[in-house]
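By convention in this document, chain letters (A, B, ...) are assigned in the order of the sequence lines, proteins followed by strands, and residues within each chain are numbered from 1.
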Amino acid sequence: MNDASRMPGLRAGRLSPEIYALNFSDAYPPLDRHEALVAADRCYFCHDAPCVTACPTEIDIPLFIRQIATGTPEAAAKTIFDQNILGGMCARVCPTETLCEEACVRELAEGKPVRIGALQRHATDTLMARGVHPFVRAAPTGRQVAVVGAGPAGLACAHRLALHGHAVTLFEARPKAGGLNEYGIASYKTVDGFAQAEVEWLMQIGGIGIETGRMLGRDLSLETLREEFDAVFLGLGLPAAYALEGAAQAGVRAAVDFIADLRQADDLSALPVGRDVVVIGGGMTAIDAAVQARLLGAEHVTIVYRRGPDRMPASVKEQRHATARGVRILHNAQPVAVLGEGRATGVEFAYTAETDGRLAPTGETFVLKADQVLLAIGQWLEDAPDGLERDGARLRTDARGRTTMAGVWAGGDCVAGNAGLTVAAVAQGRDAAEDIHTALGAGKDTR
Amino acid sequence: MADLATNFVGIRSPNPFWLASAPPTDKEYNVVRAFRAGWGGVVWKTLGLDPHIVNVNGPRYGVVYGADRRVLGLNNIELITDRPLDVNLREIKKVKRDWPDRAMVVSLMVPCEEWAWKQILPLVEETGADGIELNFGCPHGMSERGMGSAVGQVPEYIEMVTRWCKQNTRMPVLVKLTPNITDVRYPARAAKAGGADGVSLINTISSITSVNLDDWSPEPSIDGKGSHGGYCGPAVKPIALNMVAEIARDAETLGLPISGIGGVTTWRDAAEFIALGAGSVQVCTAAMTYGFKIVQEMVSGLSQYLDEKGMSLDDLRGRAVPNVTDWRYLNLNYVTKARIDQDLCIKCGRCYAACEDTSHQAIGIGPGRTFEVIDAECVACNLCVNVCPVENCISMIELEPGVTDPRTGLVVRDEYANWTQHPNNPAAAAAE
C-alpha cells in the first residue's frame, strides 16, 4: 500500500498500475467449454419452465441450455437473441439471482440454481466471437422510424424494426451508443469494451443509421420527428436527480456520472477518488459506484440506504459483492445534509424507522466523514417532451408501449413501471417495435 | 462386518468381487495392484495359442456418456492377450503363489479343436490356477476367426468344448456366455450338458457406440474405419440381470452356479446380481473408469447391507429369484395410483410433460404451479416416478381392496388374478 492511498481529499493515482488492472478485470470470468457443459448438464428441461416466466424477455432458457449441452452454443445464442438482442449484455448485468436463477427449480431443490446467466454469456460470447450476426433483414418496407436514445430499449427497438425491414434512425445525445451499458454499469461487469462491440455487432442487421450528439429538446423536437418519420420511439433513459441540502458543494455528484467518467476513462490512475466515500442509495447504481470507488483506492466506502436490508433494491448477491470488497452498508438512515464549507467534509444522516411501509426519521442523527459523496437516490424526468403525459416522474404508456400521443412509443427507464433493469428495457423496446410494425401495417405494405 | 468370504464352484476368495477377464487382468503388475486394493479374485485376461495375436495400434475403446461425462457404456475392440503364452503362464504362477487366498481363474480361447484344448489345459493347470473360464463370448475380432461368440452362439459347440475341457483338466470349468443370442437359456443348458461347473455372464454386447459426424467413421476410429466392439458398463446391467435371472429360474439349469457380470459399478449392483443367484460377480468397466480402489466401497457397502438386513451372503444369494416370473402371472388386481408429495415437489413439471405428451394425461396443473395426479386417468405406468428428479417425490400408492378405481369404475378385489384367468384371454381356462 503506497502513501497515496491514505491521503485525504479527491486524489488520483492511489494505487499501482498492476492493482488497477487487477481490480477492474472481469469480476465473473466466463465459463470455458468444459465448465459450460458441466453447468448445462444440471438443467432439468422443465415443462413451461419457471425461469422463462421470470425472464422479462422470456428467453427459452431450457432450450438454449440443451443446445449448449449438445455442443451447439451458436444455436443457443440464436435462441437467446431471438428474444433478447442484447442477450450478451444481459448475461453480464442481469440480477439473475432475482430473475431466472431465483425461479430455477434447482434453487428450490438444493439452493443452487443452474448457472443460467453464465451459460447465456457462454453462448452469446461464442457466437459474437465469430462475428456472426444470425439475423437477416427483411426487404425494405420504405417506412422510416425515429428511435430516440441508443440505450438498451432504443437498441432493441431499432434492431427489431430493422429486422422487419423498416429504416431506422437512432438519435443519441451522448457521443456513443449503448446508454447505461456504455455509461452506467460497473466496468468489471463488462470489460474489454463489450458495450461498444455489442452495438457494432447489433448494427450488422443493417438499415439503422445512428446520429450521436443529438438530444431531444436541444437538437431535436418531437414535433419535427413526428413530421419526418412514420413512427417515433422514445428510449430517453432517466436523468439522475436529487434534492439534498449542501449537495452543490465540491466533492458531491451523481453516482451515475461518477460511473460514466470511470467507464470512459482511458487511464484509471488519472481518476480522482476520495479517501472517505459515502454513497447514498440502495440500488445497483449505488453498489456499482461504491465498489468501484473502493477499487479505485478509496479507503473507506459506505453505502447508506434509508430502509432495511430486505427492502434494498440491489440484490443480496450484489450486496455481498460489495461487502466482500470492503464496502460497508448502513441501513435505515436518510441524508439530512452534506456538510462542508464549499467542499464536502461529511454527511449528516437521520436514522429512520419504517412502520407499515411509511418511513420516518427517529430523531437521532449521526455524521459520516466524507470527502466524496455519490448520490444514487433519484432519477426522474423534470419535464416530459411536449404534449406527452407523465405518470408520476415518468412517461405514461400502455401495455404496447404507446404514449398518449399518436405515433409515439416509449420504453426503458423513462416509462412508468419499468424496474430499471436492462432486460426490462430490452423487452419494452422489442415489444414496442412489434407494435410499431403492426401499426405501420408493414408486411402487407410492399411499397 | 458380515463375512464376505466366498466359495464359488470350489474356488475360494475373501470376497465375491472378481475382476473380469479384460485389460485390467492382462499382466502381473495390474493384478498385483488389484489384489493389494482388495479384489477377491481375478479372471486372467484370455490366453490363446502362440503365436500371440496382435491388437490394433489405434484407439480400442468407444464410450457412451451420461451427464457430466459420466461413463455409462464402454465398448472395446481389443482382442485376447497380445503377449506370449509362456510370459502369461509364468506371471499367473507367480501371482497365485504370492496371493494364495485370492481366486485365480484363467480365461481361455483356442480353436474349436480338441488338440488345441489338450495342449493348453495342462500348461494352465501347472500354474496352480484355481479354475478356467472358457471365453465363448467376445463378439469382436476373434469371432471372425471362429472363436469367442462364434462358439457361444452354437450350443452344440459349447457343449462339445466344455466336455473336452472337463475331460482334460481337474480344474473347475466356467463357461462365459455371450449375450449376442436370442435366448440365453440354450447356451447355458449346453454348458451344463457339457459338464460345466458354472457359467459366467454376460460377455460384451456387439455395438457401435457412436459415429464421428465429421468423418463419418464409427468410434473408435482406426484410420477412418470402425468395427463393432463389445459393449459393457452400467448401460448393460439390465440386460445382464435379465439373462442371469433367466438361467437362475430355468428348470433345466436350476442350481447351476453363476458368476454375474455386466455393469457392476457399486455394491448395490453386486448385491442385485447376487440376489438373482450369482455366486460371484465380475467387474471391469467400473475399475477401468475409476481404478481398483472402488472394491473398498463394494466390500464395505455389501457388508453394511448384509448387517442391516441381518443376512449372510448365502442368505442373499438367489433371494430374488422366486420373484422373477412371467408377465402372465403378474397380479392384475394390484392397482396403484401415482401420488405427488407437494412438500418435496420442486415444480419442474417433467412429470406433467411426460404424462401429457407421451402417456395418459393423468397429471393436472393447479394454481401456483402445483402438479396433481388425476386418479380417473392414471394407469399407474410409473413414468412420472421415473422422470421426476427428486427421489421419493412421486410414489405409487396401492389401492386397498374394496376401493373403487376411478379410472375403471371397478372395485379393487382382494384376490390374486392374472392374465391366464382373464376373460379377455382367448386361451384362458374357463372358470365354469
message = Is it the case that over 12 heavy atoms from other parts of the model lie below 6.0 angstrom from the CG atom of A/D310?
response = yes
query = Can you tell me how far the CG atom of A/D41 sits from the CZ atom of B/R70, to the nearest 0.5 Å?
reply = 11.0 Å
key: Interatomic spacing from NE2 in A/H47 to CG in B/D357 - rounded to 0.5 Å   = 8.0 Å
ask   = Considering all heavy atoms of both residues, which atom of B/C348 and which atom of A/C46 are nearest to each other, and what is their separation?
value = O-CB, 3.0 Å
ask   = Which atoms form the tightest heavy-atom contact between A/A109 and B/I346, and what is the distance?
value = CB-CG2, 3.5 Å
key: chain A contact via B/I365 - side chain, backbone, both or neither, heavy atoms under 4.5 Å   = side chain
note = Pair count under 4.5 Å, heavy atoms only, with chain A: among B/C351, B/A354, B/G66, B/G349, highest is B/G349
key: Residue B/R407 excluded, over 12 heavy atoms near CZ under 6.0 Å   = yes
key: Heavy-atom neighbours of A/R66 CZ exceed 12 at 6.0 Å   = no
message = Between A/P50 and B/K347, is there a side-chain heavy-atom distance shorter than 4.5 Å?
response = no
query = Would A/D48 and B/R369 count as a side-chain contact (heavy atoms from CB on, under 4.5 Å) if you check the C-alpha gap in whole Å, the side-chain angles of each, and the deciding distance to 0.1 Å?
reply = CA-CA 10 Å; A/D48 188 18; B/R369 205 175 157 77; 3.8 Å; yes
query = Between A/A49 and chain B, which part of the residue has a heavy atom less than 4.5 Å away: side chain, backbone, both or neither?
reply = backbone
ask   = Crowded around B/D215 CG? As in, over 12 foreign heavy atoms under 6.0 Å?
value = yes
ask   = In this structure, are over 12 heavy atoms from other groups packed under 6.0 Å from A/R115 atom CZ?
value = no
